[in-house]
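Scroll down for the structure; my scribbles are underneath it.
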Amino acid sequence: MSWRGCILRWARDDIICIATRGNRITLNTQQRCGFKKAVKETKTKKGVIEEAGPSHTQPSEGLIHKRGASPPVEPSVAYSRSFGRLVKPLVFTIGFTGCSFGTAAIWQYESLKSRVQSYFDEVRADWLEKLRPQKQGDLRKWVSFTPLCGRFVKPVLFLLQINQWWNSLSEGQRTVAGIIAANAVVFCCWRVPSFQRSMIKYFTSNPASKTLCFPMLLSTFSHYSFFHMAANMYVLWSFSSSIVSMLGREQFMAVYMSAGVISTMFSYVCKTASGRLGPSLGASGAIMTVLAAVCTKMPEAKLAIIFLPMYAFSAGNALKAIVVMDTAGLVLGWRYFDHAAHLGGALFGVWYIMYGHELIWKNREPLVKVWHDLRTKGPSGGGNGGSGPQ
């Protein structure tokens with residue numbers, strides 16, 4: 001009996017040990033993957049990821065809020081609805097916004113100084129320099145009479161035509177051309193399978209992601225759907241001349257870059273508060289800032305929808321309708337668009353035109369003066385200080 005009892009006790013202890021070890025392996029595997037076991041069953045409807053409980057499970061594919069279409073979704077970390085994770089994004093937002101406007105102020109100073117220097121160089125230039133347009137015409141005539149050599153000069157003429165087209169654009173259109181090119185490059189990167197993991201990690205903003213700060217900016221240049229990118233870039237191109245003539249290219253770039261980060265921060269806060277987590281991407285938040293700024297500055301301007309040009313409405317009414325629609329989408333939980341980012345961008349645009357321009361841009365002179373003193377200090381500097389451009 002004692003011998004049989006020892007065997008039974010040994011067998012029972014071994015079974016408990018194996019079971020415990022198996023549980024430990026399972027828990028370690030779950031932690032390594034970054035997910036907690038779901039408390040309730042996750043329900044999906046038309047590709048939208050619904051949060052069934054406080055835990056966050058791994059979706060294989062879901063609908064990314066527009067600002068975007070639906071690329072694969074990044075596996076989210078085990079997430080609890082805590083605003084403590086948003087402290088770092090908030091600090092990043094404040095720091096990036098300050099750096100954007102500081103860089104824009106220095107950029108404007110350098111641009112003005114370069115233009116003044118170019119003006120004096122042009123005054124001292126030889127009169128032959130002013131005959132360059134005629135030389136280009138002579139080159140075209142020479143190409144027409146020398147077909148064999150013209151074959152090699154045609155690429156040069158093509159570049160001249162591109163340069164002529166570029167010079168015909170307004171300053172605003174030339175400014176946003178770089179933004180459109182950056183969005184096109186990122187859109188092409190989404191099509192490369194080997195880039196998918198990095199694109200999901202850095203070019204989609206999600207408060208449940210491990211990476212929070214850099215996607216706040218990079219997702220502003222990210223579009224997964226061609227139609228979404230085309231629509232956003234068309235709106236940006238349409239308002240480019242108005243916004244740049246109103247703010248200047250340097251101030252516009254500072255506002256646009258800051259708007260992308262601020263709208264994403266607003267989206268982070270609203271998603272965390274509501275528990276409706278999910279990735280977002282697209283330039284809509286920053287473009288809403290541009291649209292709201294123009295509509296606030298020129299509320300009587302007439303606007304029309306591209307597909308319905310016969311219906312015109314004032315810019316002020318358009319802004320009110322957009323704010324009401326995004327507010328309703330945020331309150332009612334519509335999830336196809338990132339209404340929080342849209343609303344945050346619109347509110348930032350209105351605030352900047354009414355108050356931000358006076359508080360931020362008008363007070364840039366001390367920074368410009370410090371930069372001017374650093375710039376002119378040294379053996380080749382004038383050393384007389386002075387204030388920067390107004």
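This chain uses plain numbering: 1 for the first residue, then up along the sequence.
The hydrophobic clustering, which links ILVMFWY residues whose side-chain heavy atoms are closer than 4.5 Å, places V87 and V269 apart. The hydrophobic clustering, which links ILVMFWY residues whose side-chain heavy atoms are closer than 4.5 Å, places L359 and L247 together. Put simply, L367 and M257 are part of two different groups of oily side chains (I, L, V, M, F, W, Y) that touch within less than 4.5 Å, one to the next.
Annotation: side chain of I360 is not in contact with side chain of R364 (no heavy-atom distance under 4.5 Å). Looking at heavy atoms from C-beta onward, T289 lies out of side-chain contact with Y352 at the 4.5 angstrom threshold. The closest side-chain heavy-atom distance from M199 to V186 is below 4.5 Å. Here the side chains of M233 and N183 are in contact, with some heavy-atom distance below 4.5 Å. Counting heavy atoms from C-beta on, the side chains of F252 and V176 come closer than 4.5 Å. Contact check for S242 versus M298: side-chain heavy atoms found under the 4.5 Å cut-off. Taking the side chain as every heavy atom from C-beta outward, I200 and W190 approach each other to under 4.5 Å. Side-chain atoms of L86 and M265, non-hydrogen and from C-beta on, do get closer than 4.5 Å to each other.
No side-chain donor-acceptor contact under 3.5 Å links S222 to the backbone of S219. Between the side chain of S114 and the backbone N or O of S111, no donor-acceptor pair lies under 3.5 Å. Checked by atom type and distance alone, the side chain of S267 never pairs as donor or acceptor with a backbone atom of S263 at under 3.5 Å. Checking side-chain atoms of T220 against main-chain N and O of L217 turns up a donor-acceptor pair under 3.5 Å. A distance-only check finds no donor-acceptor pair linking the side chain of K271 to the backbone of N206 [under 3.5 Å].
The distance from the CE atom of M253 to the CD1 atom of I179 is 4.5 Å, given to the nearest 0.5 Å. Between the CD1 atom in I262 and the CZ atom in F266 there is a gap of 11.5 Å [rounded to 0.5 Å]. Distance check: Y202 OH to M216 CE gives 16.0 Å after rounding to the nearest 0.5 Å. Atoms CG and NZ, on L374 and K369 in that order, are 10.5 Å from each other to the nearest 0.5 Å. Note that CD1 of I180 is 7.5 Å distant from OG of S240, once rounded to the nearest 0.5 Å. Rounding to the nearest 0.5 Å gives a distance of 11.0 Å between CG of L277 and OG of S209.
Under a cut-off of 6.0 angstrom, the local environment of CH2 in W351 is crowded, with over 12 non-hydrogen atoms contributed by other residues, nucleotides or ligands.
A cation-pi geometry, defined here as NZ or CZ lying under 6.0 Å from the six-membered ring centre and within 45° of its normal, holds between R191 and Y224.
When all heavy atoms are compared, the tightest approach of L218 to F203 is O-CD2, 3.5 Å. In this structure, Y268 and S205 approach most closely via the heavy-atom pair OH-CB, 3.7 Å. The minimum heavy-atom distance between T175 and R249, with the atom names listed, is OG1-CB, 3.6 Å. Here the closest non-hydrogen pair linking G285 and H342 is N-CD2, 4.4 Å. Taking every heavy atom of both residues into account, R85 and K210 meet most closely at NH2-CA, 4.3 Å. Between A259 and A286 the shortest heavy-atom distance is CB-CA, 3.9 Å.
Under the ring-ring contact (aromatic ring centres under 6.0 Å, His included) criterion, F96 pairs with F92, sequence neighbours left out. F348 pairs by the ring-ring contact (aromatic ring centres under 6.0 Å, His included) definition with nothing, not counting sequence neighbours.
Between F221 and Y256, the ring planes are perpendicular. Angles over 60° get that label, and only those under 30° would be called parallel.
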S241/S170 under side-chain hydrogen bond (donor to acceptor under 3.5 Å, both in side chains): CA gap, chis, key distance, verdict:
CA-CA 6 Å; S241 298; S170 65; 2.8 Å; yes

Worked check of side-chain hydrogen bond (donor to acceptor under 3.5 Å, both in side chains) between H228 and N232
CA-CA 6 Å; H228 184 214; N232 279 344; 3.2 Å; yes

Which pairs would a plain distance check flag for residues 313-330, meaning a side-chain donor or acceptor within less than 3.5 Å of a matching protein atom at least two apart in sequence or in another chain?
unit_1	atom_1	unit_2	atom_2	d
S314	OG	N317	N	3.3
S314	OG	N317	ND2	2.9
D326	OD1	H339	ND1	2.9
T327	OG1	V323	O	2.7

